[in-house]
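As the structure is a prediction and not an experimental result, all values here were calculated from the model.
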Amino acid sequence: MAPVPISPINVGHIDDVQELRKARPATIPERFVRDMTERPTPATALQSPNTVPIIDFSRLVRGNKDEYESEMLQLTRACEEWGFFQVINHGIDLSLLESIEKVAEDFFVLPLEEKQKYPMLPGTVQGYGQAFVFSEDQKLDWCNMFALGLEPHFIRVPKLWPAKPLKFSETVEVYSGEVRKLCQHLLEYIAMTLNLRADFFEEMFGVAVQAIRMNYYPPCARPDLVLGLSPHSDGSALTVLQQGKGGSVGLQILKDNKWMPIQPAPNAFVINIGDTLEVLTNGKYKSVEHRAVTHKEKDRLSIVTFYAPSYEIELGPIPELVDENNPCKYRTYNHGEYSKHYVTSKLQGKKTLEFAKVESKKPT
């Protein structure tokens, strides 16, 4: 997303976690050590990694009547009960998934001084560094990020597109075009699960906003003390996650008030509902809090695409999804205003969604 001009912020010194990993300090720097209530539960105490509902995209596109109806029921259940699902047989060439993973890996192993040519300035969400840091005493995530705004073109910051590795920009362009088409198609089927016409979201969204963020989580000597990424829900309509092969199981979602690790299926995308779809569906489909944890010995790479309406669009619950049994839960607001609010707030569960909630009337 485009950088948001805000007043100067003092974020203090931020250690680069890859450099920390190389130095192997005897103790984890205090800014990364979480309070007791935030620390991840040891992996041994968690349930086994779960496979969230899996949608076979090919059955939606070209399956027979029974296959299509079965998959649509599965999609409806995934959106209503989970807010997360995986998509297999999505039609995107597996060699392209390998290529985007390779250029992301090659970027993160560049010398620090090379990566720092593309800094993520405080209060912005494009470039290399850590996003969502707004004070010098805020706890930091054990993660390095590199993010770029993609569509529409005016949100791009050309000086942040790296010259190295070779073919980085070209690969990002091709990959993002394919993921954009996947998001458009998924939203068509999601619209139909809501008894809306297939092109409902495409017409409403205008020229959809799209951004990509690559996250690299180095191994951490004390994974029990840190978080790779703080708990949050996404401000997007849809988020598409590709996890690097061979990495640790780092994604966890909050399901029934418990953190549940998610094991990505081979060559699948993990999709989640963002705050925008929660508002549009009047809470029928909910965005889900999620976080990332680290591993003592394994690293983890993830490539995340965010897909959302144009900034000019006014958003609120779809009238067809509001009635006396399901009264309006969210106000109408400008999506650009909400995006600015989201990127200038620290990651803190679903707190940013309070921006859109209708205030409950106090009894007189």
Side-chain angles (χ1 to χ4, degrees), residues 52-53 55 60 65 68-85 183-206 208-209 231-239 253-258 260 271-290 306-342 345 348-364:
V52 297
I55 305 302
L60 289 174
K65 185 172 182 288
Y68 172 81
E69 290 178 352
S70 170
E71 224 57 32
M72 286 293 280
L73 283 173
Q74 177 81 325
L75 179 60
T76 305
R77 184 178 77 86
C79 292
E80 283 187 343
E81 299 176 14
W82 287 81
F84 267 79
F85 56 92
C183 288
Q184 291 166 340
H185 290 314
L186 284 172
L187 283 168
E188 288 176 359
Y189 294 111
I190 289 172
M192 288 188 282
T193 68
L194 296 163
N195 295 317
L196 302 169
R197 64 181 191 278
D199 61 357
F200 183 91
F201 291 118
E202 184 176 1
E203 286 198 0
M204 170 187 274
F205 283 15
V209 174
H232 65 286
S233 61
D234 293 334
S236 56
L238 285 183
T239 300
I253 68 172
L254 192 62
K255 174 76 169 160
D256 302 325
N257 293 315
K258 294 179 182 176
M260 177 181 292
I271 313 289
N272 65 275
I273 302 293
D275 293 347
T276 297
L277 268 191
E278 175 166 336
V279 170
L280 289 172
T281 64
N282 200 32
K284 181 178 176 68
Y285 295 167
K286 290 184 172 58
S287 60
V288 172
E289 202 172 325
H290 52 286
F306 303 98
Y307 187 86
S310 167
Y311 290 138
E312 292 79 34
I313 303 300
E314 297 292 312
L315 295 177
I318 298 165
E320 292 90 329
L321 301 177
V322 178
D323 57 37
E324 53 186 46
N325 295 320
N326 194 24
C328 190
K329 298 181 176 70
Y330 308 94
R331 66 183 180 87
T332 298
Y333 58 88
N334 173 266
H335 182 59
E337 184 188 353
Y338 178 67
S339 295
K340 182 176 180 179
H341 167 72
Y342 188 92
S345 303
Q348 196 172 359
K350 292 189 67 171
K351 191 172 176 60
T352 48
L353 192 56
E354 290 175 10
F355 170 96
K357 287 185 177 174
V358 171
E359 291 184 19
S360 56
K361 294 179 180 177
K362 295 177 182 176
T364 55

(message) Looking at E278 and S287, would you say the former's side chain and the latter's main chain have a donor-acceptor pair under 3.5 Å?
(response) yes

(request) Please report the closest heavy-atom contact between H335 and P309, naming both atoms and the distance. (result) CD2-O, 3.0 Å

(message) Would you compute the distance between atom NZ of K340 and atom CD of E337 and round it to the nearest 0.5 angstrom?
(response) 9.0 Å

(message) I want to check something: taking the side chain as every heavy atom from C-beta on, are I318 and F200 in contact at a cut-off of under 4.5 Å?
(response) yes

(message) For the backbone of L321 and the side chain of N326, can you confirm whether one donor and one acceptor N or O come within less than 3.5 Å of each other?
(response) yes

(message) Taking the side chain as everything from C-beta on, heavy atoms only, tell me whether I253 gets closer than 4.5 Å to N272.
(response) no

(request) Measure the OG1-CG distance between T276 and L353 for me, rounded to the nearest 0.5 Å. (result) 9.0 Å

(request) Could you tell me whether a side-chain N or O of N334 sits under 3.5 Å from a main-chain N or O of Y311, the two making a donor and an acceptor? (result) yes

(message) Rounded at 0.5 Å granularity, tell me how far CG in N195 sits from OG1 in T193.
(response) 8.0 Å

(request) State, with a plain yes or no, whether a side-chain heavy atom of Y307 is found less than 4.5 Å away from one of Q184. (result) yes

(request) Give a yes-or-no answer on whether the side chains of E314 and T332 include a donor-acceptor pair shorter than 3.5 Å. (result) no

(request) Using the test ring-ring contact (aromatic ring centres under 6.0 Å, His included), find all partners of Y285 that sit at least two apart in sequence or belong to another chain. (result) none

(request) For the pair F201 and L277, evaluate side-chain contact (heavy atoms from CB on, under 4.5 Å) and give the outcome as yes or no after the intermediate values. (result) CA-CA 10 Å; F201 291 118; L277 268 191; 3.8 Å; yes

(request) Please round to the nearest 0.5 Å and tell me the distance separating atom OG1 of T281 and atom CD1 of I190. (result) 10.0 Å

(message) For the NZ atom of K255 and the CD atom of E81, what is their distance to the nearest 0.5 Å?
(response) 6.0 Å

(request) With sequence neighbours excluded, tell me which residues meet ring-ring contact (aromatic ring centres under 6.0 Å, His included) with F84. (result) H290

(message) Quick check: closest heavy atoms across V322 and C328, and the distance to 0.1 Å?
(response) CG1-N, 3.7 Å

(message) Minimum heavy-atom separation for P317 and N282, please, with both atom names.
(response) CG-OD1, 3.6 Å

(message) Can you give me the closest heavy-atom contact between P53 and A78, atom names plus distance?
(response) CB-CB, 3.8 Å

(message) Please report the interatomic distance CD1(I273) to NZ(K284), rounded to the nearest 0.5 Å.
(response) 12.0 Å

(message) If I compare all heavy atoms of S236 with all of T239, which pair ends up nearest, and what's the gap?
(response) OG-OG1, 2.7 Å

(request) Please examine the side chains of L60 and Y68, heavy atoms only from C-beta on, and report whether any two atoms are closer than 4.5 Å. (result) yes

(message) The test is side-chain contact (heavy atoms from CB on, under 4.5 Å); show your working for I55 and Q74 and say whether it passes.
(response) CA-CA 7 Å; I55 305 302; Q74 177 81 325; 3.3 Å; yes

(message) One pair to check against side-chain contact (heavy atoms from CB on, under 4.5 Å): Y338 and D275. What are the steps and the verdict?
(response) CA-CA 10 Å; Y338 178 67; D275 293 347; 2.6 Å; yes

(request) Evaluate the criterion side-chain contact (heavy atoms from CB on, under 4.5 Å) for residue pair L280 and F205; output intermediate values, then yes/no. (result) CA-CA 11 Å; L280 289 172; F205 283 15; 3.8 Å; yes

